[in-house]
Amino acid sequence: MMEEILVCENLTMTFDDGEYIVHALKNVSFSLRKNEVLGIIGESGSGKSTIAKLITGLYQPTGGNIFLGGRSIVRLKRQAQKEVYTKVQMVFQDAVGSFNPRRKIGESISDTLCRLCGENKHTAGKETALLLDHVGLPGDYAEKYPHELSGGECQRAAIARAMSVHPEILICDEATSALDVSAQAKIVCICAGSIM
């Protein structure tokens with residue numbers, strides 16, 4: 001049996017703005033094994049995106065724990081959190097919004113390589129061109145801004161950025177929901193091919 005690379009135990013998340021209290025998650029547990037594909041299904045507002053943001057460290061749980069490779073990744077210090085980002089990456093539902101609108105696509109991908117993998121700018125630039133090619137985008141798209149790409153193209157660029165650090169886990173938060181059926185199929189194939 002494959003080893004468990006991710007374990008979530010009794011995850012609980014409560015949002016309290018001082019006026020309203022929202023219980024987004026209550027005692028949610030699951031695990032993920034190496035080379036396994038896990039789908040979390042639920043209606044809108046059921047906590048799917050909250051789980052993704054907890055795993056990536058964008059939120060801290062109110063209760064419970066998250067283990068990556070047997071180590072708790074809840075409330076890590078900055079350097080330790082950086083290590084998590086080399087192992088866990090996320091493709092957001094709003095691909096355009098996940099990029100800095102004032103930075104070119106290539107810069108965003110290269111910066112991820114430099115920041116998380118220690119690549120120099122020259123090497124990162126070459127790797128960015130290869131990554132764009134891998135997701136079916138021409139190399140000159142590195143010079144485009146997010147708003148110059150279609151939704152599907154921007155989602156491919158987001159996948160290229162996420163895959164740049166060769167993560168152990170790729171989280172896709174409804175990454176195809178805003179795309180037409182043919183674009184959805186292409187994105188799913190790219191994600192599946194990238195993690196195999």
Side-chain angles (χ1 to χ4, degrees), residues 2-3 5-6 32-39 52-53 55-58 68-69 73 78-196:
M2 290 283 189
E3 63 177 310
I5 57 174
L6 177 72
L32 177 70
R33 290 183 168 80
K34 192 171 184 178
N35 294 326
E36 184 177 46
V37 176
L38 172 68
K53 289 174 181 176
I55 294 170
T56 55
L58 295 174
L68 181 64
I73 58 170
R78 186 168 186 156
Q79 185 58 37
Q81 187 65 50
K82 180 179 172 182
E83 292 174 23
V84 171
Y85 291 146
T86 65
K87 296 180 180 179
V88 180
Q89 282 287 303
M90 184 166 169
V91 179
F92 294 87
Q93 182 177 359
D94 178 13
V96 176
S98 73
F99 284 98
N100 183 333
R102 292 187 284 277
R103 307 207 72 191
K104 295 176 181 177
I105 292 294
E107 291 174 332
S108 293
I109 297 172
S110 294
D111 282 355
T112 300
L113 281 162
C114 293
R115 186 168 36 87
L116 297 179
C117 300
E119 299 277 7
N120 62 50
K121 288 193 173 186
H122 178 70
T123 305
K126 286 185 174 181
E127 183 68 17
T128 295
L130 291 173
L131 286 161
L132 289 173
D133 179 66
H134 180 66
V135 298
L137 293 176
D140 62 358
Y141 272 49
E143 297 301 312
K144 291 181 179 283
Y145 289 93
H147 70 272
E148 296 179 300
L149 276 62
S150 69
E153 290 170 339
C154 211
Q155 201 63 279
R156 290 180 189 215
I159 293 168
R161 179 181 57 189
M163 295 311 304
S164 67
V165 299
H166 306 288
E168 294 177 18
I169 299 170
L170 178 64
I171 299 173
C172 296
D173 184 14
E174 299 188 38
T176 64
S177 64
L179 307 178
D180 62 44
V181 175
S182 61
Q184 286 181 13
K186 289 175 184 175
I187 294 297
V188 169
C189 288
I190 291 167
C191 286
S194 296
I195 60 176
M196 300 308 278

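Heavy atoms only: backbone and side chains are in, while hydrogens, waters and symmetry mates are out. Fair warning: this is a prediction, and the values are worked out from it, not measured in the lab.
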Ignoring hydrogens and geometry, is there a side-chain-to-backbone donor-acceptor pair from [X] to [Y] under 3.5 Å?
X	Y	result
E143	D140	no
R156	V135	yes
S98	A95	yes

With rounding to the nearest 0.5 angstrom, report the [atom1] to [atom2] distance, [X] to [Y].
X	Y	atom1	atom2	value
T56	I171	OG1	CD1	5.5 Å
I5	K34	CD1	NZ	8.0 Å
L32	E168	CG	CD	10.0 Å
C172	Q155	SG	CD	8.0 Å
Q81	T86	CD	OG1	10.5 Å
D173	K53	CG	NZ	7.0 Å

Just wondering, do [Y] and [X] contact through their side chains at under 4.5 Å, heavy atoms?
X	Y	value
I73	V88	no
V165	P167	yes
L132	P138	no
H147	V96	no

For the residue pair [X] and [Y], what are the closest heavy atoms and their distance?
X	Y	value
Q89	R161	OE1-O, 4.3 Å
N100	P146	O-CG, 3.8 Å
L113	A124	CD1-O, 3.7 Å
R33	E36	N-OE1, 2.8 Å
A157	I109	O-CD1, 4.0 Å
A52	M90	CB-CE, 3.6 Å

### Under the side-chain hydrogen bond (donor to acceptor under 3.5 Å, both in side chains) test, residues paired with E148 that sit two or more places apart
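Testing E148 for side-chain hydrogen bond (donor to acceptor under 3.5 Å, both in side chains), a comparison that skips the adjacent residues, returns none.
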### Message
I'd like to check the side-chain contact (heavy atoms from CB on, under 4.5 Å) partners of E153; sequence neighbours left out, ordered by chain and number.
### Response
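Testing E153 for side-chain contact (heavy atoms from CB on, under 4.5 Å), a comparison that skips the adjacent residues, returns L137, Y141, L149, S150.
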#### Entry: K126: partners by side-chain contact (heavy atoms from CB on, under 4.5 Å), with sequence neighbours left out
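Applying side-chain contact (heavy atoms from CB on, under 4.5 Å) to K126 gives H122.
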